[in-house]
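To keep things clear, I will list the structure first and then write my remarks on it.
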Amino acid sequence: MSLLEAAKSVRERAYAPYSNFKVGAAIRSIEGNTHLGCNVENVAYPEGTCAEAGAIAAMIAAGDTGIAEVTVIADSPAPVPPCGGCRQKLKEFAQGDVMVTMATTRGATLSMTVAELLPGAFGAGHMEGT
Ligand code: THU
């Protein structure tokens, strides 16, 4: 199954009763496995989690260590870029040249690298010498 098909299928399981905006994310890890996540909202709104965060958590829980490729899908007039927090979360486990494909259920796609999505990222290198 392609990352796009996987993201589309996990999106259907999203829990988004407050925004009604379901999002699915599929990660291919550097180990070659696929990990899925969907947004899971909460009545205490800030406690909700994004699809990308769920997929990253699944990847780490499965024992994989890095992101090779990501696809995110939503039902939107235009491709939905990851929020700022998720850009930083992706950067934690992805090199700058890793491709993030943003897709819509209406058939549009937009691909950008992690470095394009998060220029000037705060990285582990900044912590050296502390
Ligand atoms: N959302 C994601 O899961 N990923 C994105 O890339 C953008 C937004 C979710 C968060 C919230 O549950 C809903 O979409 C509306 O913002």
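Whatever order the structure lists ligands and atoms in, that order sets their numbers, starting from 1.
In this structure, ligand 1 sits under 4.0 Å from heavy atoms belonging to Ser19, Phe21, Val23, Asn39, Glu41, Cys50, Ala51, Glu52, Val80, Pro81, Pro82.
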Chi angles and distances behind the side chain to side chain contact (heavy atoms under 4.5 Å, CB included) call for Asp64, His35: CA-CA 9 Å; Asp64 285 355; His35 303 285; 2.8 Å; yes
Evaluation steps, side-chain hydrogen bond (donor to acceptor under 3.5 Å, both in side chains), between Thr109 and Thr101: CA-CA 7 Å; Thr109 59; Thr101 297; over 6 Å; no
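Counting only residues at least two apart or in different chains, salt bridge (Lys or Arg N to Asp or Glu O under 4.0 Å) contacts with residues 72-83 comprise Asp75-Arg106. Residue pairs meeting the salt bridge (Lys or Arg N to Asp or Glu O under 4.0 Å) criterion with at least one partner in residues 78-87, sequence neighbours excluded, do not occur; the list is empty.
Remark: Tyr18 engages Tyr45 in a ring-ring contact (aromatic ring centres under 6.0 Å, His included) (not counting sequence neighbours).
Using modelled atom types and a 3.5 Å distance limit, the side chains of Ser76 and Thr104 yield no donor-acceptor pair.
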